[in-house]
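Quick note on labels: first sequence line is chain A, next is B, and so on, each numbered from 1.
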Amino acid sequence: MPYTTHEIHRIEEKWQKIWREKKIFSAAMDSNKKKYYVLEMFPYPSGKIHMGHVRNYTIADVIARFRMMQGRNVLHPMGYDAFGQPAENAAIKHKTGPAKWTYGCIDQMRAELKRMGFSYDWDRELATCDPEYYRWNQWIFLKMYERGLAYKKASPVNWCESCQTTLANEEVVNDACWRCKAPVVQKNLEQWYLKITHYAEPLLEDLKKLANWPSRVVAMQENWIGKSHGVNIFFFWKKTGERITVFTTRADTIFGATYVVLAPEHPLVDKMIAGTPGEKEIRVFIEKVTNESKSLRVTGDKKKEGIFTGQYAVNPVNGEEIPIWIADYVLMEYGTGAIMAVPTHDQRDFLFAKEHKLPMRIVIQDHPNSNAKVSDLKEAYEGQGVLVNSKQFDGTDNESAKTKIAQWMTQNKMGEVTAHWRLRDWLISRQRYWGTPIPIIYCPKCGAVPVPEKDLPVELPSNIQITGKGGSPLAQCEEFVNTNCPNCNGKAKRETDTMATFFDSSWYYLRFCSPRNDRKIFDEKEVNYWMPVDQYIGGIEHAILHLLYSRFFMKFFKDLGLVNFDEPFARLLTQGMVLKDGEVMSKSRGNTVDPDEIIGRYGADPLRLCILFAAPPEDQLEWSNGAVDGSWKFLNRIWNLAEQRFAPVEDNISAADSDQEDKDLERERNAAIKKVTEDISEGYKFNTAVSTLMILMNAADKYKVVTGNTAKQALLNRAIRTVIVLLAPFTPHICEELWEKTGGNEKSVMNVSWPSFDARALERDSVQVVAQINGKLRGKFQVASGSSEEEVREIVLADARIQEFISGKPVKRFIYIADKVANIVI
RNA sequence: GGGCGAGUGGCGGAAUCGGCAGACGCGCAGGACUUAGGAUCCUGUCCCGAAAGGGGUAGAGGUUCAACUCCUCUCUCGCCCACCA
């Protein structure tokens with residue numbers, strides 16, 4: 001039978017059925033076996049898988065199958081991140097319900113995933129929209145609520161007009177909604193938050209443990225958490241003596257502070273200006289600034305605007321009275337909402353001071369003897385130097401002055417060492433239907449009351465009309481809203497907001513460990529056996545969002561005493577995007593390639609191979625149909641090799657009888673085992689692993705067997721079967737079929753142990769040494785491997801051509817790198 | 001403005017504890033064969049040159065017997081952060 005599309009499809013279906021029936025991939029805890037947990041970021045069930053999914057899951061599948069063949073107890077589950085807005089939009093568009101729509105999509109998606117032949121334990125499949133899943137979201141919420149880590153507060157929030165809902169800071173990208181790209185505006189709303197900032201320190205600190213994460217992702221998280229060390233300095237308002245705390249990372253410049261600037265929203269502002277002559281003008285200014293969108297206000301190149309309050313602050317270090325200003329460039333959300341301005345050593349302050357003719361004083365000289373004057377300054381000096389005009393600190397270099405001044409201020413209660421964080425608490429309320437109901441009941445008498453654990457799950461009502469127009473859809477459903485207070489049993493109303501879907505995905509990897517447990521969120525024994533995830537794989541777009549939230553949840557579970565570790569993902573691989581014509585594949589661009597269509601035309605194996613061979617997993621991958629042709633051809637050649645050249649004979653080769661061709665083939669075979677093993681386990685270099693297998697196949701193809709020479713035939717058989725076994729994680733269907741055809745005696749090639757290589761077979765009798773003259777290639781010599789420098793020197797210098805190049809000049813040096821290069825310096 | 005990463009044939013990409021640049025594949029060119037198949041097989045394929053040889057890994061320098069690999073500067077592209085005090 002030739003390897004035709006029809007045959008490919010037959011083989012793929014055949015083996016998928018066998019894997020399913022024999023439960024090859026079902027995982028069970030076994031404390032005698034070393035576990036390996038492979039996980040890819042589970043998909044949103046849009047219905048169809050795209051090339052990005054195919055790439056992500058194929059990479060994971062190779063790893064899972066490879067580890068399985070190496071004898072590890074592999075857990076490789078799959079599920080669906082099934083809540084979220086697209087289902088609501090689809091429900092409106094197709095006049096159906098989000099649940100019906102979503103489950104339909106899941107069915108379609110599962111079928112497509114199965115056609116790819118991925119090694120999932122399908123018995124562990126889960127969907128976050130299942131009440132048996134999201135009840136545990138509610139449970140987690142209640143546990144956080146008990147510990148004060150879930151709380152409600154009114155504050156300005158990000159609001160997406162198009163989605164008609166609030167967004168977390170992490171979901172706002174360039175002042176636009178991360179999902180729909182519509183502009184985000186600020187609204188004042190009362191919303192639920194999770195206190196992720198409680199874990200700011202460990203979230204930052206434990207990044208150090210993530211040595212096997214891409215450094216880029218670690219850097220992004222570090223940036224996002226944004227710890228900055230500095231000092232809170234206690235200025236005070238001259239008129240009343242009230243404290244104005246200012247945060248600075250530049251305590252060394254404290255003697256150069258010539259004014260203080262407050263954010264327009266600063267709580268003291270109102271009191272300071274009330275009844276002053278400038279009050280009206282200042283209020284107009286504040287009004288103007290606070291109405292500006294955050295993006296406009298926070299643009300770097302915009303001119304800084306400000307206004308004098310008429311009030312003065314006292315600098316605690318020298319008692320100096322300096323003016324208090326209000327300016328748009330000071331943000332209430334960061335630091336203390338108040339800064340001390342040092343125009344000589346901060347460029348923003350410099351420009352502001354010039355504009356408003358505010359005083360300046362130099363306190364750092366870049367050189368002890370240089371005497372720059374304020375009038376000479378064209379810009380602020382932000383570099384290193386020595387302190388001047390700073391009383392007892394004069395002459396101190398500014399770096400050590402930071403610590404010294406901070407200590408001195410702390411001792412004299414003028415300030416305190418502190419740190420500020422960029423990380424904000426996580427806003428999780430969403431005014432949407434298709435999400436987990438927040439398990440809170442509002443009672444007129446008792447206030448906000450958590451739903452008792454025994455009443456979980458608070459189920460989503462199914463009879464809801466989704467309109468997409470303003471407000472929480474759940475609020476319209478009276479039978480959902482109206483309930484009784486768990487405390488006093490009086491009439492009460494339910495919270496009608498649902499949870500952000502990132503809540504759901506922050507812990508699903510734990511649920512996979514015991515997905516059917518209906519008494520507990522997860523079985524601690526199972527979780528402590530399988531976790532952490534040994535290899536996690538997904539897109540870089542989750543570098544902050546999902547990965548940070550998951551780390552936060554893990555630390556919370558550790559604090560609850562449920563788990564004995566606190567980082568969920570030991571290794572992280574961020575796969576590159578799949579491009580078409582240089583652009584990311586997307587429906588809106590109309591440049592998508594449907595994986596299902598490629599499977600139909602070529603089969604799953606050629607698709608898998610092509611995507612693995614085309615680029616290293618972390619790089620972008622430019623899709624080309626030609627590349628699938630290439631993969632198809634390669635599989636076809638292997639097919640023909642196994643079908644036409646394999647012949648069953650007894651494998652009784654004695655090394656003593658082997659000739660040079662035999663040794664060469666055995667060397668290629670062992671070299672391939674070594675290289676493929678290394679490529680998969682050290683850095684997932686699938687592209688070079690595949691090319692190594694191509695080399696071995698080419699070598700086997702060229703190897704000649706005289707009919708009846710059973711020793712040679714056995715050697716060829718060995719090479720063929722090695723290709724099949726090594727290739728099995730990449731293209732499992734064809735390898736199963738060929739393994740069976742070539743007399744494989746296991747029920748599946750997946751049960752074959754991953755081969756090891758024989759180092760002796762890699763040795764060569766002779767090696768090629770390159771001869772260079774002054775670094776230029778001048779000749780190649782076969783020499784016995786392990787030859788000494790003297791031997792090689794003799795051979796090389798005896799060569800007529802080499803002598804011609806030397807042309808009588810004296811040989812200054814002779815450098816020999818064993819078995820590689822000889823360089824003659826003349 | 002700050003940080004990180006990258007730049008190699010017509011294309012995807014190999015090679016980086018410094019040691020033959022372009023593995024492997026796609027494409028292209030020439031040929032063989034044919035049970036016309038999605039054929040298959042063989043040969044060639046960085047540039048200039050008839051050859052000898054010369055040039056060549058974004059550009060310019062440097063270190064070295066030897067540099068895609070290390071150092072300095074510049075350019076280009078990608079990503080992240082950004083009035084962050």
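- Along RNA chain B, the nucleotide nearest A/Arg422 and the nucleotide nearest A/Ile8 are compared for position; the residue whose nucleotide lies closer to the 5' end is A/Ile8.
- Of the two residues contacting RNA chain B, namely A/Ile824 and A/Ile695, the nearest-nucleotide position lying further toward the 5' end is that of A/Ile695.
- As judged by a 4.0 angstrom heavy-atom cut-off over every strand, A/Gln347 is placed among residues making no nucleic acid contact.
- As rounded to whole Å, 11 Å separates atom P of B/C79 from atom CG of A/Leu579.
- One side chain, A/Thr688 or A/Asp679, offers a donor N or O that lies under 3.5 Å from an acceptor on the other.
- In summary, A/Lys685 and A/Glu678 do not engage in a salt bridge, as defined by a charged side-chain N under 4.0 Å from a carboxylate O.
- Rounded to whole angstrom, the span from the CG atom of A/Asn774 across to the P atom of B/G54 amounts to 12 Å.
- A/Tyr602 comes within 4.0 angstrom of a nucleotide base, judged by non-hydrogen atoms across all strands.
- Distance A/Gln644 CD to B/U40 P: 12 Å, rounded to the nearest Å.
- Within the 6.0 Å centre-distance limit, the rings of A/Phe352 and A/Tyr329 are counted as a close aromatic pair.
- When side chains are defined from C-beta on, A/Glu618 counts as touching A/Thr574, because their heavy atoms get closer than 4.5 Å.
- We find that A/Arg10 and A/Glu7 are joined by a salt bridge, their nearest charged nitrogen and carboxylate oxygen being less than 4.0 Å apart.
- Side-chain contact check for A/Pro214 versus A/Leu572: some heavy-atom pair is nearer than 4.5 Å.
- For NZ of A/Lys674, the number of neighbouring non-hydrogen atoms (other residues, nucleotides, ligands) closer than 6.0 Å is 12 at most.
- If you check every strand for non-hydrogen atoms under 4.0 Å, A/Lys776 touches sugar and phosphate atoms only.
- With values rounded to the nearest 0.5 angstrom, A/Asp629 atom CG is found 8.5 Å from A/Trp632 atom CH2.
- Side chain of A/Gln768, nearest nucleotide from B/A85, B/C65, B/C20: B/C20.
- When the P atom is used for both B/A21 and B/C68, the distance is 8 Å, rounded to whole Å.
- Atom C1' of nucleotide B/C65 and atom CZ of A/Arg793 are separated by 13 Å, given to the nearest angstrom.
- Listed by residue number, the members of residues 668-692 of chain A with any heavy atom below 4.0 angstrom from RNA chain B are A/Asn687, A/Thr688, A/Ser691.
- If you check B/G25, B/C81, B/G13 against the side chain of A/Phe613, the one that comes closest is B/G25.
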**Item:** Watson-Crick and G-U pairing of RNA chain B written in dot-bracket, each distance under 3.5 angstrom, with | for inter-strand partners
**Value:** (((((((..(((......[....)))((((((.......))))))(((....)))..(((((..]....))))))))))))....
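- Checking A/Asp425 against A/Thr197 by side-chain atom types alone, a donor-acceptor pair falls below 3.5 Å.
- The CG atom of A/Leu547 sits 15 Å away from the P atom of B/C80 (whole-angstrom rounding).
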